[in-house]
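Report on one structure; see the data block that follows.
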Amino acid sequence: MKYISTRGQSPALTFEQAMLSGLARDGGLYVPETWPTLSADQIAGFAGKSYEEVAFEVMKPFIGDTFTDIEFLEIIHKAYAGFAHTAKCPLVQLDENHFLLELFHGPTLAFKDVAMQLIGQMFERALKRRGERVTIVGATSGDTGSAAIEAFKGLDAVDVFIMFPDGRVSDVQRRQMTTPDEANIHALAVDGDFDDCQALLKDMFNDFEFRDDVKLAGVNSINWARVMAQVVYYFTSAVSLGAPHRKISFTVPTGNFGDIFAGYVAKRMGLPIDRLVIATNQNDILHRTLQSGDHTKMGVKPSISPSMDIEVSSNFERLLFDLYDREGDAVIQLMDALKEDGTFALSQGATQKLHDEFDSGCCSEAETSAQIKRSYEDIGEVLCPHSAIAVKVANSIVRNETVPMITLATAHPAKFPAAVEAACGVHPALPERMADLFARDERMTKVENNLGAVEALIRERIGA
Ligand SMILES: *Cc1c(COP(=O)(O)O)cnc(C)c1O
């Protein structure tokens, strides 16, 4: 399996190269040259298998010969050993035809752990074999950063720098990033919002001198391996409800479009997904794009679901590439327009294709709080704000009642205790294993929203 750039101007890479480099040098994102498919029999055979066994079979076509089968199985088992639920990603029933996929049983209580724990193991193996060391720089709206730190802390072959928007992440999120005391971990509080952090990261990748000097690697969802790892739970959850013998729909709380894009990949691979529903908070650029084809930035408004406070949805570029029949030039035009004018309009053909696969809905702040309250009062389920948005949207769109809906629960409510308590009166407690989070010392560096300043800081810390 080879990987090509969505902008069509970088050479094709192997899985290992695409994983270790992150962003393509032409500014594009790597995608597999073709979508591998699984037969209905293969998918039916997942029934009764463990999460790890299904993970192996779903991801195997993507990794080529980067790891032997035995190595890859070991990596997968190590990655998920720290999950606090034997099913890893269990399903909970909300009502007759609506299920919640709990993706928050990993070490940092958000779905980002599912991919990041795997990436940590894969990086470590690949780098040791190559005798190389890399500098991982990440941008986070809160959850990616802590998941990356947890996955890479103390590893020999990596230094990790995480940029987060100063003052715009929850206290739990910040402490998960600032309390690990391993020397290879650096938490950077940037004077800006998440889109600023992400823009700094992209600019670092496009500064080839810096990129080569520090051996820059990325683990944001621009990294294909992240998306790949998330494809797995679409299969495990759908099969447990009767796929491939029946269709299943999914609703996904969306920010950077990585998680829902993994659902799209599962569908391309042969999983019979009926509808993929994009749920957004008040930062609803993706919902507006679905409604009108008009993709216009309006400025990010901070919300009680901070992990979705995003307007430049990086992974949407991967979808655009398919919507435009994999024409890199078309993607370049759209992305240039977005960068320069803050807007682009989809062609009619692309808008039509988008509607063939996706539905969407958005949720205001008041509606989010109301849904947290309703779910608690009606069925005793305490939802995090992101998951509540998706439940609300899944309940409000027109649904085919014969098709089960699976809504993704992306974080544990204890990651966002203030918003949850304000909405339903319950203070969600941190699980035992991280109960002392607020007693630990914090360590972080404040930095201006300025490329030169951040690059200088990274160089100084690693001596490059
Ligand atoms: C990252 C995140 C999201 C958004 O996922 P994307 O892949 O960026 O669309 C939603 N909810 C939570 C809790 C998250 O951490």
Side-chain angles (χ1 to χ4, degrees), residues 29 89 100-116 138-150 162 164-165 168-170 172-174 176-177 194-195 197-198 201 219-231 233-234 250-265 276-281 283-287 289 300 303-319 358 360 362-363 368 372 383-393 407-417 419-420 428:
L29 280 69
C89 303
L100 196 65
L101 178 57
E102 292 187 348
L103 300 173
F104 51 71
H105 295 283
T108 70
L109 307 180
F111 84 94
K112 306 291 198 299
D113 289 322
V114 177
M116 210 63 86
T140 186
S141 56
D143 294 326
T144 295
S146 53
I149 287 169
E150 208 49 49
I162 297 296
F164 66 88
R168 297 207 190 189
V169 299
S170 80
V172 174
Q173 288 179 315
R174 191 192 65 248
Q176 285 181 333
M177 294 189 275
F194 171 71
D195 285 334
C197 295
Q198 186 158 253
L201 181 64
V219 295
N220 272 84
S221 54
I222 52 175
N223 193 311
W224 166 255
R226 285 270 307 276
V227 176
M228 174 188 80
Q230 292 166 7
V231 176
Y233 47 70
Y234 285 89
F250 288 90
T251 302
V252 186
T254 296
N256 223 354
F257 209 75
D259 209 5
I260 193 156
F261 188 74
Y264 168 83
V265 175
L276 280 166
V277 184
I278 300 165
T280 74
N281 65 15
N283 298 298
D284 60 352
I285 185 166
L286 291 169
H287 175 56
T289 303
V300 172
S303 77
I304 56 170
S305 46
S307 307
M308 294 159 68
D309 289 346
I310 295 173
E311 274 207 314
V312 183
S313 270
S314 291
N315 281 285
F316 197 58
E317 177 166 345
R318 288 193 159 108
L319 183 68
F358 296 93
S360 70
C362 70
C363 193
T368 308
I372 294 174
L383 297 171
C384 94
H386 312 76
S387 312
I389 286 168
V391 169
K392 160 80 185 166
V393 168
T407 292
L408 274 54
T410 46
H412 191 290
K415 252 190 136 159
F416 306 93
V420 171

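Atoms within each ligand, like the ligands themselves, are counted from 1 in listed order. Keep in mind it's a predicted model, so treat the numbers as computed, not measured. Start at 1 with the first residue, then count along the sequence.
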Considering heavy atoms of the protein only, find what lies nearest to [atom] and give residue, atom and distance to 0.1 Å.
| atom | result |
| --- | --- |
| atom 8 (O) of ligand 1 | Asn256 N, 2.7 Å |
| atom 7 (O) of ligand 1 | Asp259 N, 2.9 Å |
| atom 11 (N) of ligand 1 | Thr410 OG1, 2.8 Å |
| atom 9 (O) of ligand 1 | Gly255 N, 2.8 Å |

Could you tell me which atoms of ligand 1, counted from 1 in the order shown, lie closer than 4.0 angstrom to a heavy atom of [X]?
| X | value |
| --- | --- |
| Ala411 | 13 (C) |
| Gly258 | 6 (P), 7 (O), 9 (O) |
| Thr254 | 9 (O) |
| Asp143 | 12 (C), 13 (C), 14 (C), 15 (O) |

Donor-acceptor side-chain pairing of [X] and [Y] below 3.5 angstrom:
| X | Y | result |
| --- | --- | --- |
| Asn315 | Tyr264 | no |
| Ser313 | Asn256 | no |
| Asp143 | Gln173 | yes |
| Arg226 | Asn223 | no |

Ring centres under 6.0 angstrom apart (Tyr234, Phe250): yes

Option nearest atom 14 (C) of ligand 1 (shortest heavy-atom distance, choices Gln173, Lys112, His386): Lys112

Shortest reach to atom 3 (C) of ligand 1 by a heavy atom, considering only Phe194, Phe111, Phe257: Phe111

contact_flag Ser221 ligand 1 heavy-atom lt 4.0 Å: no

Separation between NE2 of His412 and CG of Leu383, rounded to the nearest 0.5 Å: 11.5 Å

Flag, side chain of Asp195 to backbone of Ile310, donor-acceptor distance under 3.5 Å: no

Main-chain N/O of Ile222 paired to Arg318 side chain as donor or acceptor, under 3.5 Å: yes

